[in-house]
Amino acid sequence: MIGYIVRRVLYAIPILIGVNLLTFALFFVVNTPDDMARMQLGAKRVTPEAIERWKAERGYDKPLLWNDSADGIERLTDTIFYDKSVRLFVFDFGNADDGRDIAHEISTRMGPSLALAVPVFIIGILVNISFALMMAFFRATYLDFWGVVSCVAMMSISGLFYIIGGQYLISKVWHLVPISGFAGGTDALKFVILPVVIGVIGGIGAGARWYRTIFLEEIGKDYVRTARAKGLRESAVLFGHVLKNGMIPILTGAVVVIPTLFLGSLLMESFFGIPGLGSYTIDAIQAQDFAIVRAMVFLGAVLYILGLLLTDISYTLVDPRVRLT
């Protein structure tokens with residue numbers, strides 16, 4: 001198992017390097033530091049002196065990859081690439097263009113993001129699997145038919161409809177919970193309960209329909225017919241055999257989503273005023289703060305690779321054949 005994990009980690013290193021190089025090219029070759037300065041300063045205050053001063057204050061006045069004016073190793077280290085990209089590998093995100101420490105902002109905003117994303121993730125999986133098992137149990141009946149129709153209808157509705165409709169009905173009309181905002185401690189419950197419910201409802205359509213397809217595929221296999229021939233009840237076949245053997249595709253979809261728990265939900269946090277990493281990224285994009293966007297892109301790549309690693313490890317736990325190969 002340890003050797004398997006080590007090999008997967010080694011496979012991830014070149015991927016992460018490639019993501020970092022691509023991100024650097026997009027931010028500093030396609031969009032030069034002079035262009036970044038002009039966007040930050042605005043059309044009325046753009047002068048050559050203001051551009052140079054803005055670049056010097058934020059460390060963008062150095063050469064991109066190679067510094068001919070430096071000596072020794074500083075020819076590589078005294079560059080924008082080393083300051084802005086290489087340091088990301090040790091999670092040194094530096095400061096945002098407005099001077100705030102990015103690592104501190106990430107650590108403080110991760111809590112609100114997890115407070116919203118973790119309940120949506122756990123409750124959503126339980127609801128989707130339960131609904132899918134019910135449709136599989138009553139397959140080829142009116143209950144299954146209308147369940148599929150409901151899933152398709154929910155998939156066809158935009159997530160913004162659930163957000164805006166939930167805010168209007170639950171918060172503005174019924175005044176059950178605050179329409180937006182966030183608080184620490186137990187007071188956070190009244191602020192996250194509505195976005196959690198909306199997040200779960202918004203994911204039922206796609207999730208339950210996909211799980212239903214998985215379960216129906218398993219139901220048609222030989223081991224299920226053997227279990228029925230032994231006299232097992234249909235509920236025992238579904239929960240004891242079909243659900244267990246359908247865990248690999250379920251884990252694939254579930255574990256890969258784990259990185260998004262840390263990065264937050266962009267739309268949900270923005271509409272509900274939750275100070276998480278999703279709203280942090282949206283605000284940085286609107287403010288054209290490339291330091292924050294660059295750090296969040298790199299962090300997202302790291303978490304996604306970790307999610308794939310967890311997926312591979314989870315395969316070995318539910319399927320012995322993966323361990324043998």
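Hydrogens, waters and symmetry mates are skipped; everything else that's a heavy atom, side chains included, is used.
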Tabulate below the donor-acceptor pairs under 3.5 Å that side-chain atoms of residues 151-158 make, not counting sequence neighbours, or state none.
residue	atom	partner	partner atom	Å
Ser156	OG	Val152	O	2.7
Ser158	OG	Leu160	N	3.2

> Under the side chain to side chain contact (heavy atoms under 4.5 Å, CB included) test, which residues partner Asp34, sequence neighbours left out?
Replying inline: Thr32, Arg38, Ile51, Lys55
> Are Trp174 and Leu169 side-chain neighbours, meaning at least one heavy-atom pair lies under 4.5 Å?
Replying inline: yes
> Can you pull the ring-ring contact (aromatic ring centres under 6.0 Å, His included) pairs that have at least one residue in residues 83-111, sequence neighbours excluded?
Replying inline: Phe89-Phe298
> Are Ile163 and Val173 connected, step by step, through hydrophobic side chains (Ile, Leu, Val, Met, Phe, Trp, Tyr) whose heavy atoms are closer than 4.5 Å?
Replying inline: yes
> To the nearest 0.5 Å, what is the distance between CG (Leu10) and CD1 (Ile13)?
Replying inline: 5.0 Å
>> Quick check: closest heavy atoms across Ala291 and Asn95, and the distance to 0.1 Å?
In response: CB-O, 3.7 Å
> With Arg87, which residues qualify under side chain to side chain contact (heavy atoms under 4.5 Å, CB included), at least two apart?
Replying inline: Tyr82, Asp83, Asp92
> With sequence neighbours left out, which residue pairs that include part of residues 149-172 fulfil the ring-ring contact (aromatic ring centres under 6.0 Å, His included) condition?
Replying inline: none
>> Given 3.5 Å as the limit, does a donor-acceptor pair link the side chain of Gln40 with the main chain of Ala287, or not?
In response: yes
> Between atom CD1 of Ile15 and atom OH of Tyr304, what is the distance when rounded to the nearest 0.5 Å?
Replying inline: 10.0 Å
>> Are Ile193 and Ile179 linked, directly or through intermediate hydrophobic residues, by side-chain heavy-atom contacts shorter than 4.5 Å (ILVMFWY only)?
In response: no
> Under the 6.0 Å and 45° cation-pi test, does Lys84 pair with Phe290?
Replying inline: no
> Is the closest side-chain heavy-atom distance between Ile285 and Ile292 below 4.5 Å?
Replying inline: no
>> I need the Leu133 CG to Phe239 CZ distance, nearest 0.5 Å.
In response: 5.0 Å
>> Taking side chain to side chain donor-acceptor pair (under 3.5 Å) as the cut-off, I'd like each qualifying pair that reaches into residues 63-78, sequence neighbours left out, listed once.
In response: Lys62-Asp78, Trp66-Asp68, Asn67-Ser69, Asn67-Asp78
> Can you name the nearest heavy-atom pair linking Asn245 to His241, along with the distance?
Replying inline: ND2-O, 2.7 Å
>> Could you work out, with salt bridge (Lys or Arg N to Asp or Glu O under 4.0 Å) as the rule, every residue matching Asp97, not counting sequence neighbours?
In response: none
>> If I compare all heavy atoms of Trp54 with all of Ala37, which pair ends up nearest, and what's the gap?
In response: CE3-CB, 3.4 Å
> When rounded to the nearest 0.5 angstrom, what is the spacing between CE in Met134 and CZ in Arg212?
Replying inline: 10.5 Å
> OH of Tyr11 to CG of Leu309: how many Å apart, nearest 0.5 Å?
Replying inline: 12.5 Å
> Would you say the side chain of Ile106 lies within less than 4.5 Å of the side chain of Leu299, judging by non-hydrogen atoms?
Replying inline: yes
>> In the structure I gave you, are the side-chain heavy atoms of Leu143 and Met135 within less than 4.5 Å of one another anywhere?
In response: no
> Is any side-chain heavy atom of Ser171 less than 4.5 Å from a side-chain heavy atom of Leu194?
Replying inline: yes
> So do the side chains of Arg228 and Val237 get within less than 4.5 Å of each other, counting heavy atoms only?
Replying inline: yes
> Where do Pro33 and Ile80 come nearest, in terms of heavy atoms and distance?
Replying inline: CG-CD1, 4.0 Å
> Would one find more than 12 heavy atoms of other residues, nucleotides or ligands at under 6.0 Å from atom CG of Leu303?
Replying inline: yes
Under 3.5 Å, side-chain donor or acceptor atoms of residues 213-222 against the rest of the protein: list the pairs with distances, not counting sequence neighbours.
residue	atom	partner	partner atom	Å
Thr213	OG1	Arg209	O	3.0
Glu218	OE1	Tyr223	OH	2.6
Glu218	OE2	Lys221	NZ	3.1
Asp222	OD1	Arg225	NH2	2.1

> Which residues pass the ring pair (Phe, Tyr, Trp, His ring centres under 6.0 Å) test with Phe191, sequence neighbours left out?
Replying inline: none
> Yes or no on side chain to side chain contact (heavy atoms under 4.5 Å, CB included) for Ile129 and Ile250, after CA distance, side-chain angles and deciding distance?
Replying inline: CA-CA 9 Å; Ile129 291 178; Ile250 291 175; 4.3 Å; yes
> For Val120, which residues count as a side chain to side chain contact (heavy atoms under 4.5 Å, CB included) partner, sequence neighbours excluded?
Replying inline: Leu116, Val196
> Do you know which two heavy atoms are closest between Ile102 and Ala96, and how far apart they sit?
Replying inline: CG1-N, 3.6 Å
>> If hydrophobic clusters are built from ILVMFWY residues whose side chains come within less than 4.5 Å, do Ile73 and Leu64 share one?
In response: no
> Linking I/L/V/M/F/W/Y whenever their side-chain heavy atoms sit closer than 4.5 Å, directly or via other members, would Met247 and Leu126 fall into one cluster?
Replying inline: yes
> When rounded to the nearest 0.5 angstrom, what is the spacing between CE in Met39 and CG in Asp289?
Replying inline: 11.0 Å
Cut-off 3.5 Å, no hydrogens considered: what does the side-chain donor-acceptor table look like for residues 270-280, sequence neighbours left out?
residue	atom	partner	partner atom	Å
Ser270	OG	Leu266	O	2.8
Ser279	OG	Ile274	O	2.9
Ser279	OG	Gly276	N	3.3
Ser279	OG	Gly276	O	3.0

> Looking at Leu16 and Ala301, what are the two nearest heavy atoms and their distance?
Replying inline: CD1-CB, 4.2 Å
Please report, to 0.1 Å, the donor-acceptor pairs under 3.5 Å made by any side chain of residues 18-30, with sequence neighbours excluded.
residue	atom	partner	partner atom	Å
Asn20	ND2	Ser85	O	3.1
Thr23	OG1	Val19	O	2.7

>> Hydrophobic clustering (ILVMFWY, side-chain heavy atoms < 4.5 Å, transitive) - are Leu189 and Val200 grouped together?
In response: no
>> So Val127 and Ile204, do their side chains get closer than 4.5 Å, heavy atoms only?
In response: yes
